[in-house]
Amino acid sequence: MVMTDLLKAEDIKKALDAFTAETFVPKKFFEMVGMRAMTAENVKMVFQVLDVDGSGFIEEEELKFVLKGFSNDGRDLTDAETRAFLTAADKDGDGKIGIDEFEALVHE
């Protein structure tokens, strides 16, 4: 499954263009690509695409490349953006984002 199976390509491009250089805000990005309006089941499918190693968690290393999960044209997040994303979503402090944490961030 690829992200365009779940989201509109034009929404992804528009959101990627809005966060070009060290400006990434996960909640705003998820809203722009249309994820806030998605069902929990569809958000779970997005999560599975981003969970590259299939561990059931999005770890810090996967977060760095999260925008590339939406499009090959996506950029890498900076270390500061990656840490901020992890801090915003990792509510139990285990250093990774589980599906429930991801869904909470998307629908917050």
Side-chain angles (χ1 to χ4, degrees):
M1 177 173 302
V2 294
M3 211 54 82
T4 51
D5 292 340
L6 301 165
L7 300 164
K8 295 178 185 170
E10 58 269 16
D11 290 343
I12 293 171
K13 180 172 178 8
K14 195 181 307 178
L16 289 173
D17 289 347
F19 296 103
T20 51
E22 293 194 46
T23 58
F24 184 69
V25 179
K27 287 188 258 185
K28 182 70 175 163
F29 179 83
F30 296 146
E31 182 179 342
M32 289 182 74
V33 295
M35 288 179 60
R36 276 189 88 150
M38 292 177 113
T39 65
E41 188 59 35
N42 284 341
V43 171
K44 183 177 182 178
M45 287 191 273
V46 169
F47 177 89
Q48 290 169 338
V49 172
L50 299 175
D51 178 19
V52 176
D53 65 4
S55 68
F57 295 94
I58 300 173
E59 293 88 2
E60 189 170 348
E61 190 59 30
E62 289 170 317
L63 277 181
K64 184 175 189 78
F65 306 111
V66 74
L67 295 181
K68 287 186 175 165
F70 284 87
S71 169
N72 290 335
D73 296 333
R75 67 175 176 84
D76 295 350
L77 296 183
T78 65
D79 290 343
E81 288 172 318
T82 302
R83 282 190 301 275
F85 190 167
L86 187 59
T87 299
D90 180 22
K91 299 303 181 193
D92 63 9
D94 64 357
K96 53 193 174 186
I97 301 170
I99 183 61
D100 294 337
E101 293 168 319
F102 185 76
E103 187 182 349
L105 182 68
V106 168
H107 289 130
E108 199 170 69

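Nothing fancy with the numbering, it's 1 onward along the sequence. Just the heavy atoms: all of them, side chains too, but no hydrogens, waters or symmetry mates, feed the values below.
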* Report yes or no: does Glu101 contribute a side-chain atom to a donor-acceptor pair with the main-chain N or O of Asp90 at less than 3.5 Å? => no

* Asked: Out of curiosity, Met35 CE to Lys27 NZ, how far, rounded to the nearest 0.5 Å?
  -> 14.0 Å

* Is the number of heavy atoms from other residues, nucleotides or ligands within 6.0 Å of CG (Asp17) greater than 12? -> yes

* In one Ile/Leu/Val/Met/Phe/Trp/Tyr side-chain cluster, 4.5 Å: Val46, Val25 -> yes

* Co-membership, hydrophobic cluster, residues Ile99 and Leu105, 4.5 Å side-chain -> yes

* To do: Return the minimal non-hydrogen interatomic distance between Gly56 and Asp51, and the atom names on each side.
  => N-OD2, 2.7 Å

* Which distance, rounded to the nearest 0.5 Å, do you find between the CG of Leu86 and the CG of Leu77? -> 11.5 Å

* To do: Kindly give the heavy-atom pair with the smallest separation between Ala15 and Phe29, and that separation in Å.
  => CB-CE1, 3.5 Å

* Within the side chain of His107, is there an N or O that forms a donor-acceptor pair under 3.5 Å with the backbone of Thr39? -> no

* Structure fact -> Separation between CG (Leu63) and CZ (Arg83), nearest 0.5 Å, reads 12.0 Å

* Might you confirm whether atom NZ of Lys68 has over 12 heavy atoms from other residues, nucleotides or ligands at distances under 6.0 Å? => yes

* Is a donor on one side and an acceptor on the other found under 3.5 Å between the side chain of Lys91 and the backbone of Ala88? -> yes

* Asked: Rounded to the nearest 0.5 Å, how far apart are CE of Met3 and CG of Asp11?
  -> 13.0 Å

* Asked: Side chains of Phe47 and Glu103: closer than 4.5 Å at any heavy-atom pair?
  -> no

* **Nearest-0.5 Å distance, CE of residue Met45 to CG of residue Leu50** => 13.0 Å

* Asked: Considering all heavy atoms of both residues, which atom of Asp92 and which atom of Asp94 are nearest to each other, and what is their separation?
  -> OD1-OD1, 2.9 Å

* **Candidates Asp79, Thr82, Thr78, Asp76 - the one meeting side chain to side chain donor-acceptor pair (under 3.5 Å) with Lys64** => Asp79

* Structure fact -> Rounded to the nearest 0.5 angstrom, the CZ-CD1 distance for Phe85 and Ile97 is 5.0 Å

* Shared hydrophobic cluster, Val49 / Val33 (ILVMFWY, side-chain heavy atoms < 4.5 Å) -> yes

* Find out if a path of hydrophobic residues (ILVMFWY) with successive side-chain heavy-atom gaps under 4.5 Å connects Phe70 to Met32. => yes

* So, does Arg75 use its side chain to make a donor-acceptor pair with the main chain of Leu67 at under 3.5 Å? -> no

* Does any N or O in the side chain of Glu62 come within less than 3.5 Å of the main-chain N or O of Asp53, such that one atom is a donor and the other an acceptor? -> yes

* Transitively linked via ILVMFWY side-chain contacts under 4.5 Å: Leu7 with Val2? -> no

* Asked: Is it true that Arg36 and Glu31 make a salt bridge, defined as a side-chain N closer than 4.0 Å to a carboxylate O?
  -> yes

